[in-house]
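Just so you know, these numbers use all the heavy atoms, side chains as well, and skip hydrogens, waters and symmetry mates.
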Amino acid sequence: MTRFVEKISLFDRRSSPMAEAEDIARDGLLVHHHHPLAPAAAADAQSVTLGQLFKHVGDAHSGEGDDGDAAPPPHRVLELDEFSAGAGGGDRLGSRPPTFELAFTNLSYSVKRPGRMSLLRRNRLATDPVAALAPPEEFSRTKTLLNSISGEAREGEIFAVLGASGSGKSTLIDALANRIVRDSLQGSITLNGEKLDGRLLKVISAYVMQDDLLYPMLTVEETLMFSAEFRLPRSLSVSKKKSRVQALIDQLGLRSAANTIIGDEIHRGVSGGERRRVSIGIDIIHDPIILFLDEPTSGLDSTSAFMVVKVLQRIAHSGSIVIMSVHQPSYRILCLLDRLLFLSRGQTVYSGPPEGLHRFFSDFGHPIPDNENPTEFALDLIRELEGTPAGARSLVGFNKSRQDEQPALVPATRSTLSLNDAIGASISRGKLVSGATEGTTSASSVQKYANPFWIEMGVLTKRSFTNTKRMPELFAIRLAAVLLTGFILATIFWRLDNSPKGVQERLGFFAIAMSTMFYTCADALPIFLQERNIFMRETAYNAYRRSSYVLSHAIVGFPPLILLSVAFALTTFFAVGLAGGMQGFVFFVLIILASFWAGSGFVTFLSGVVTHVMLGYTVVVAILAYFLLFSGFFINRDRIHDYWIWFHYLSLVKYPYEAVMQNEFDDRHKCFARGVQMFDNTPLGVLPDAIKLTVLKSMSTSLGVNITSGTCITTGTDILKQQSITQLTKWDCLWVTVAWGFLFRLLFYISLLLGSRNKRR
């Protein structure tokens, strides 16, 4: 039997990925896709999948390999043909027809330009005669991003899309990954000859974005483990999921960084290349059938980029279709690619294998010089042609003529399996498709989500708690702000008396305190905005439900609100001298907690609608100012005009304000103005007490009521009536405030449903 050349030493944790990269750079590309098999072996042919190789990792580590030795050798090397033989003599991927073939035909996609383009064209034609030679689409009302792009990607191969910036690479990847609205995209995309359903594509594929969107305070191992909890079916035990994560860490060459945090601008973490490999790892944990990547080598050095593509090659050889965009690959990376598609302004200028580049450009009249990277030469030539008035139309036309001349032959190795049978065969070979459970044998039985919502919610909550608790300074700053605010209010409104002036001062304290609760919730705005891209990436391919995220978000954010509420109440309630005793204090804590709950819900909802932090802060501050204006402090409810009264009832500050007012003043036996105190806050307040007593006697004679200096003039109930706080009890106000918090989180969920489709239009 001809041995499969590539040796998967990466499964041994003692193997160095850097050493492997150096060996490949020194010895050349070791992997060949097609090797003849002995007839006996070919008879029982089956594919070696990434899932099967993961299952063999434990044997490689424990020493219980195919040779049956009890003790492991100093360096365990696992060969694909060795594993296949142990599995029953199955053949390698390259010797059997591919199970999956993704074909796309005549893909076209255009976007509308602003209406000023026609005026721009007239101005340019008037001032620049050379502009008249430019193609008409340069000044069209629509811009074509993809123009009749066709191609085919097959299992076991890396399909690479190349081109200069703005050529349409990312747009094509988005089109194939169903990230463009179907009504806006022309052409067809099929998998094994059948139209690809968007729901099924989410289950069997993964998309790695260009940006590394990861939680900064999680370690590499934790990040991959949480991804495994999301994407792997619950039928797998925790130990098997951990084993899979450990195997993936070895495959990605991340063993030395397994316990290092991802890091961010403040916290030092893994390197750029390691971060990129982690980003790939979280999307291949469930062994997808199709893997899309948007420039996975962008921003990496040559060695890191090569190691990333080498990982992608292994993924392809395990039985997946790998489709990636790449800007300018090195020669070593080019040797790992199987099919190339060069684009120029949304048009195909070359489609075929890497070894066909020399003949193609030689026939075009621009032969590739010896010892020069073919892709660099091709991209330089394309850029040079794009700089001319005619653009790259000559190269596009030459490629089209060559494609037309080639006979449309069906390869002998083309898969004859239907899509349903191919997915069933893939699952039976060990590929752990997201949502696949025991007994899953067809596409129709693959579940949309791998886990029920309560498991998703638990994993999301644990991940968020883990990430948050490693940044205690964020909560400390928030707690310090609340304590400082409480200290300032306590010292300003220290020990208020029960005089009319004390009443006015209490009103001011309540208005400022309740509105401050909502303003301090504004720091919740950037939380989701920072997680937004992570959320969109994970939910785009059904890692978890949006409802699970909303519930988890509320659970994680609630405990800090309790501590903040108690801290503010302890700082202010007794220092100001508020009424009610211990019962009043407990209610004061509850209404502050309800205010925090409603305020954080309101800000969370806005973060789902407004996508920019500074714009979000502006909206929050403005709306909260309107809430305070219509709360009933500055103008009583019965003095607000009918055309604005609706905003009074929508004010979030209204209900906590009225609740604390009733908690303080809802006592008809408590007096806040006696005898001559009724003249306070009036022009008569400056008169001597003797004159005030004389006035009281005159009033008593006129009214027929004995009014003395100790007679109670205004009770707590009278103050509530004066402020028009008579419609709801304090407990009604509490429950309304709590209900606002739930309503805003429901609106947040709706905003996620409507605003996180993650598709171009």
Side-chain angles (χ1 to χ4, degrees), residues 461 464-465 468 474-490 493 506 509-525 527 550-576 578-607 620 624 627-628 631 651-664 666 725 728-748:
T461 302
S464 186
F465 266 127
T468 304
L474 298 182
F475 177 75
I477 293 174
R478 190 176 182 185
L479 178 61
V482 170
L483 290 175
L484 178 61
T485 303
F487 174 77
I488 294 175
L489 292 177
F493 298 96
R506 278 179 171 82
F509 168 76
F510 289 142
I512 296 299
M514 293 302 103
S515 61
T516 300
M517 297 304 97
F518 290 94
Y519 278 110
T520 54
C521 291
D523 62 352
L525 182 68
I527 294 178
V550 173
L551 291 173
S552 171
H553 190 276
I555 292 173
V556 172
F558 189 73
L561 301 183
I562 299 177
L563 297 178
L564 295 176
S565 302
V566 174
F568 184 82
L570 288 174
T571 308
T572 58
F573 185 87
F574 299 105
V576 176
L578 300 182
M582 185 53 63
Q583 290 183 350
F585 173 76
V586 172
F587 183 83
F588 190 68
V589 172
L590 291 177
I591 194 61
I592 292 175
L593 178 59
S595 301
F596 274 128
W597 167 255
S600 61
F602 170 68
V603 174
T604 300
F605 162 63
L606 285 183
S607 68
V620 168
L624 289 181
F627 284 161
L628 178 60
S631 64
S651 172
L652 291 183
V653 182
K654 160 187 165 63
Y655 301 98
Y657 173 70
E658 293 188 359
V660 293
M661 285 285 290
Q662 294 191 63
N663 191 51
E664 182 70 15
D666 191 14
I725 302 176
L728 300 174
T729 67
K730 68 177 184 179
W731 291 104
D732 292 335
C733 293
L734 174 66
W735 298 125
V736 170
T737 306
V738 172
W740 273 118
F742 282 104
L743 176 61
F744 281 122
R745 282 165 176 83
L746 176 62
L747 295 177
F748 176 55

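- The side-chain heavy atoms of V736 and C733, taken from C-beta on, include no pair separated by under 4.5 Å.
- The only member of W597, F596, F627 that meets ring-ring contact (aromatic ring centres under 6.0 Å, His included) when paired with F602 is F627.
- For R745 against G601, the heavy-atom pair with the smallest separation is NH1-CA, 3.1 Å.
- Listed by chain and number, the residues in a ring pair (Phe, Tyr, Trp, His ring centres under 6.0 Å) with F748 are F528, H553 (sequence neighbours excluded).
- With a 4.5 Å cut-off on side-chain heavy atoms, K730 and D666 do not count as touching.
- At most 12 non-hydrogen atoms from other residues, nucleotides or ligands lie less than 6.0 angstrom from CZ of F487.
- Using cut-offs of 30° and 60° on the angle between ring planes, the pair W731 and F587 is perpendicular.
- Here the closest heavy-atom approach between residue L479 and residue A567 is recorded as CD1-CB, 3.8 Å.
- The shortest heavy-atom contact between G557 and L561 is O-CG, 3.3 Å.
- Closest approach of S607 to L525, counting heavy atoms only: CB-O, 3.6 Å.
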I would like to know whether L652 and F744 meet side-chain contact (heavy atoms from CB on, under 4.5 Å); could you show each step before the answer? CA-CA 11 Å; L652 291 183; F744 281 122; 3.6 Å; yes
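- Note that OG1 of T516 is 10.5 Å distant from CG of L624, once rounded to the nearest 0.5 Å.
- The two residues A579 and E664 come nearest to each other via the heavy atoms N-OE1, 2.8 Å.
- Between the CZ atom of R478 and the CG atom of L483 there is a distance of 12.5 Å, given to the nearest 0.5 Å.
- Annotation for L628 and A511: closest pair CD1-O, 4.0 Å, computed over non-hydrogen atoms.
- Screening residues 562-575 for side-chain hydrogen bond (donor to acceptor under 3.5 Å, both in side chains) gives no qualifying pairs among residues at least two apart or on separate chains.
- With rounding to the nearest 0.5 angstrom, the SG atom of C521 is 12.0 Å from the CG atom of L606.
- Note that CG of L578 and CZ of R506 are 6.5 Å apart. Values are rounded to the nearest 0.5 Å.
- From L728, atom CG reaches atom CD of Q662 across 7.5 Å, with rounding to the nearest 0.5 Å.
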Would you please test L570 and F585 for side-chain contact (heavy atoms from CB on, under 4.5 Å) and show each step? CA-CA 9 Å; L570 288 174; F585 173 76; 3.5 Å; yes
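- Applying side-chain contact (heavy atoms from CB on, under 4.5 Å) to F568 and the options L593, T520, L489, V589 leaves one that passes, L489.
- In this structure, the separation between OG1 on T737 and NZ on K654 is 10.0 Å, given to the nearest 0.5 Å.
- Across Y655, Y657, F518, a single residue satisfies side-chain contact (heavy atoms from CB on, under 4.5 Å) together with S595, and that is F518.
- At least one side-chain heavy atom of L564 sits under 4.5 Å from a side-chain heavy atom of F475.
- Looking at heavy atoms from C-beta onward, T468 lies out of side-chain contact with F465 at the 4.5 angstrom threshold.
- Residues satisfying the ring pair (Phe, Tyr, Trp, His ring centres under 6.0 Å) criterion with F509, sequence neighbours excluded, are F493.
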